[in-house]
2 protein chains.
Amino acid sequence: MSIKVLIADDHQIMREGLRALLEKEPDIKVLGEAEDGRMIQRMARELRPDVIIMDVAMPDLNGIEATRQIVAELPGVKIIALSMHDDRRFVLNMLKAGAAGYMLKDCAFKDLAKAIRVVMSHKTFLSPEVADIVVKDYLSTTQPTEASAFNLLSPREREVLQLIAEGKTSALIGESLHISIKTVETHRQQIMVKLKIRSVAELTKYAIREGLTSA
Amino acid sequence: MSIKVLIADDHQIMREGLRALLEKEPDIKVLGEAEDGRMIQRMARELRPDVIIMDVAMPDLNGIEATRQIVAELPGVKIIALSMHDDRRFVLNMLKAGAAGYMLKDCAFKDLAKAIRVVMSHKTFLSPEVADIVVKDYLSTTQPTEASAFNLLSPREREVLQLIAEGKTSALIGESLHISIKTVETHRQQIMVKLKIRSVAELTKYAIREGLTSA
DNA sequence: CTTACAATGGGGAGAACTACTGATATCCGG
DNA sequence: CCGGATATCAGTAGTTCTCCCCATTGTAAG
């Protein structure tokens with residue numbers, strides 16, 4: 001009795017590579033591949049796989065949403081997220097959606113094979129980097145509180161972050177907002193603590209990702 | 001006489017998948033894998049492959065820079081870019097850097113296999129979407145207006161800029177490149193003078209626009 | 001062979017940022 | 001009314017960056 005697996009990823013070559021690797025495993029059978037969230041949802045309903053390898057970032061219906069819906073509909077199906085990003089929002093949202101595992105594309109295939117067998121026994125499998133994030137987050141927050149930019153940072157902090165990402169110095173930001181430079185520095189500090197970021201470059205990228213400014 | 005291939009991609013599972021697929025081809029031999037631009041450069045020098053499958057976005061030394069340097073050093077080596085992005089800046093910069101092909105990760109493996117054989121006969125191979133971009137760009141611009149980073153900044157400066165945009169301090173960059181912090185600061189200064197930019201935030205955005213790093 | 005640029009390295013000064021310590025006032029929800 | 005979050009401001013210390021000055025080496029172009 002082999003493990004029935006579905007693959008969901010928007011990049012065909014990734015799907016083919018995964019299939020080639022999985023087909024080397026004697027106890028794993030690949031039932032099919034999907035290239036977006038909607039397609040994987042349909043296939044899951046029809047083919048009843050044991051495990052779905054799910055890319056997080058997909059067009060149309062993303063991996064997180066697809067996971068949420070599939071888990072609700074087919075509780076027995078185990079979903080392993082496979083992502084390039086170790087961004088904590090992705091990880092946490094995916095796990096909240098009901099994923100049984102979260103692997104980075106950075107990991108070795110044997111780890112993924114292991115993950116498949118682990119989740120089959122109703123356990124959770126995280127790659128080490130991801131486990132790290134989950135633990136850190138668990139320790140740092142008594143209350144999970146949705147964990148996104150727009151309720152993590154206060155309005156004023158977002159305002160300051162935007163000006164930082166526009167290349168302004170603290171002094172200029174102070175003038176612009178009619179507050180003292182020390183206040184700006186306090187906000188800066190708070191932003192970095194909250195986001196666990198330690199450089200302007202990464203703050204800028206964060207601001208771009210959050211739409212506070214554009215590249 | 002089989003075709004000797006190297007793989008460069010920062011995601012291990014992508015490398016393994018590609019290797020599994022390539023090893024099914026009787027006339028292709030995978031010599032090795034690298035996870036960043038610097039490593040692939042070294043491996044290319046030592047192993048003299050026929051073809052390098054090169055991811056565009058890699059940490060440390062990115063695919064574009066690595067391509068530029070490898071092509072300059074080993075003119076016989078054919079480089080096929082393999083990227084998730086069909087962003088025209090990536091495509092054009094990669095081709096300018098001397099890549100013999102540009103494939104999207106979205107493509108079928110048989111297309112990649114075909115690309116390998118095409119570039120071996122000293123021709124260029126582009127996946128259809130990419131060809132589209134190239135043609136459009138060719139039609140729309142009589143003169144490509146070379147006023148971008150890739151002839152304004154020197155290779156070393158681009159390298160330093162990438163690391164700055166990744167949030168590294170000058171000290172860390174110095175360690176990473178095995179040069180003194182003062183040299184890094186000189187490069188930093190040169191970059192800012194050339195680009196008329198005065199903050200890390202704007203440098204970061206510039207690097208993102210030029211495809212040196214991603215948000 | 002000169003000229004120009006790239007890459008390397010250094011000194012010094014001041015600005016800017018990072019990282020802590022405080023404090024006070026407001027407002028909002030339980 | 002109290003606790004928590006937000007927003008304001010200050011001090012101090014250390015780090016990092018910015019911006020000048022300068023030099024040497026190698027290499028490519030003219």
Side-chain angles (χ1 to χ4, degrees), chain A residues 140-207 212, chain B residues 38 41 61 65 68-69 71-73 75 97 146 149-207:
Chain A
S140 66
T141 62
T142 45
Q143 195 156 353
T145 66
E146 274 307 314
S148 165
F150 292 93
N151 40 10
L152 193 54
L153 298 185
S154 71
R156 197 57 154 176
E157 284 162 358
R158 286 194 291 274
E159 211 173 334
V160 171
L161 174 54
Q162 180 178 343
L163 294 170
I164 292 172
E166 286 171 6
K168 296 197 165 61
T169 65
S170 293
L172 283 176
I173 295 171
E175 281 177 38
S176 163
L177 300 180
H178 305 293
I179 56 180
S180 106
I181 185 173
K182 292 304 293 187
T183 305
V184 177
E185 286 182 342
T186 303
H187 287 314
R188 256 187 129 109
Q189 188 64 21
Q190 264 305 104
I191 292 166
M192 295 213 196
V193 168
K194 284 183 176 178
L195 301 182
K196 300 190 183 73
I197 282 179
R198 248 159 298 273
S199 69
V200 176
E202 284 181 287
L203 279 184
T204 305
K205 291 184 180 188
Y206 184 89
L212 288 174
Chain B
R38 214 169 305 283
Q41 198 184 3
L61 184 65
E65 216 39 64
R68 198 189 315 281
Q69 296 183 14
V71 167
E73 191 181 338
E146 296 286 327
F150 292 86
N151 40 11
L152 195 54
L153 299 184
S154 73
R156 197 54 153 178
E157 284 161 358
R158 288 192 291 273
E159 220 173 319
V160 171
L161 175 54
Q162 180 180 348
L163 295 170
I164 292 172
E166 284 171 10
K168 297 198 165 62
T169 65
S170 294
L172 283 176
I173 294 170
E175 281 178 35
S176 164
L177 299 180
H178 306 293
I179 56 180
S180 105
I181 185 174
K182 289 306 291 187
T183 305
V184 177
E185 287 182 343
T186 303
H187 288 314
R188 255 186 129 110
Q189 188 63 21
Q190 266 305 104
I191 292 165
M192 295 214 209
V193 167
K194 284 184 177 178
L195 302 182
K196 300 190 182 69
I197 282 178
R198 248 158 298 273
S199 71
V200 176
E202 285 182 285
L203 280 183
T204 305
K205 290 183 178 188
Y206 186 88

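Numbered from 1 within each chain, the chains take letters A, B, ... in sequence-line order.
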Engineer: Could you give the CG-to-C1' distance, from A:Leu153 to D:dA7, as a whole number of Å?
Structural biologist: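 Taking atom C1' of D:dA7 as the reference, CG of A:Leu153 is at 14 Å.
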Engineer: Distance check needed: D:dT18 C1' versus B:Lys194 NZ, whole Å only.
Structural biologist: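 Value for this atom pair: 18 Å.
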Engineer: Between A:Thr183 and D:dC9, is there a side-chain N or O to OP1/OP2 distance below 4.0 Å?
Structural biologist: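 Yes, within the criterion.
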Engineer: Who pairs with B:Glu157 by side chain to side chain donor-acceptor pair (under 3.5 Å), at least two apart in sequence or on another chain?
Structural biologist: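 With neighbours one apart ignored, the set is B:Ser154, B:Lys194.
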Engineer: Holding to side chain to side chain donor-acceptor pair (under 3.5 Å), I want the full list of residues that pass it with A:Glu175, two or more places apart in sequence or in another chain.
Structural biologist: none
Engineer: Check whether any side-chain nitrogen or oxygen of B:Arg156 sits under 4.0 Å from OP1 or OP2 of C:dT8, and answer yes or no.
Structural biologist: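 Looking at the OP1 and OP2 atoms of C:dT8, one of them is under 4.0 Å from a side-chain N or O of B:Arg156.
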Engineer: Kindly indicate whether the side chain of B:Ile173, heavy atoms from C-beta on, has any atom under 4.5 Å from the side chain of B:Thr169.
Structural biologist: no
Engineer: May I ask you to list the residues of residues 172-180 of chain A, by number, that have any heavy atom positioned under 4.0 Å from an atom of DNA chain D?
Structural biologist: A:Ile179, A:Ser180
Engineer: For A:Arg198, what residues pass the salt bridge (Lys or Arg N to Asp or Glu O under 4.0 Å) criterion, not counting sequence neighbours?
Structural biologist: none
Engineer: In whole Å, I'd like the distance from the CD1 atom of B:Ile191 to the P atom of D:dC19.
Structural biologist: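 In whole Å, D:dC19 P and B:Ile191 CD1 are 13 Å from each other.
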Engineer: For B:Thr186, what residues pass the side chain to side chain donor-acceptor pair (under 3.5 Å) criterion, not counting sequence neighbours?
Structural biologist: none
Engineer: Name all residues meeting the salt bridge (Lys or Arg N to Asp or Glu O under 4.0 Å) criterion together with B:Glu202; count only those two or more places apart in sequence or in a different chain, and write none if there are none.
Structural biologist: none
Engineer: Nearest whole Å is fine: how far is D:dT16 P from B:Ile164 CD1?
Structural biologist: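 That distance rounds to 15 Å.
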Engineer: Can you check the A:His187 NE2 to D:dA10 P distance for me, whole Å?
Structural biologist: 13 Å
Engineer: If an axis is fit to five pairs at each end of the helix from C:dC1-D:dG30 to C:dG30-D:dC1, what is the angle between the two, to the nearest 10°?
Structural biologist: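 The helix from C:dC1-D:dG30 to C:dG30-D:dC1 shows an end-to-end axis angle of 50°.
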Engineer: With B:Arg38, which residues qualify under salt bridge (Lys or Arg N to Asp or Glu O under 4.0 Å), at least two apart?
Structural biologist: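 For B:Arg38, the residues satisfying salt bridge (Lys or Arg N to Asp or Glu O under 4.0 Å) (neighbours in sequence not counted) are B:Asp60, B:Glu159.
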Engineer: What pairs with A:Ser176 under side-chain contact (heavy atoms from CB on, under 4.5 Å), at least two apart in sequence or on another chain?
Structural biologist: A:Leu163
Engineer: Excluding sequence neighbours, so at least two apart, what forms side-chain contact (heavy atoms from CB on, under 4.5 Å) with B:Val71?
Structural biologist: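 side-chain contact (heavy atoms from CB on, under 4.5 Å) check on B:Val71 returns B:Thr67, B:Ile79.
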Engineer: Between B:Lys182 and B:Glu185, does at least one N-O distance fall below 4.0 Å, as a salt bridge requires?
Structural biologist: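 Salt bridge between B:Lys182 and B:Glu185, a charged N being under 4.0 Å from a carboxylate O: yes.
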Engineer: Taking protein heavy atoms under 4.0 Å as touching, what does nucleotides 11-30 of chain C look like 5' to 3' if B marks base contact, S marks sugar-phosphate-only contact and - marks none?
Structural biologist: BB---SBBB-----------
Engineer: Who pairs with A:Ala165 by side-chain contact (heavy atoms from CB on, under 4.5 Å), at least two apart in sequence or on another chain?
Structural biologist: A:Thr204, A:Ala207, A:Thr213
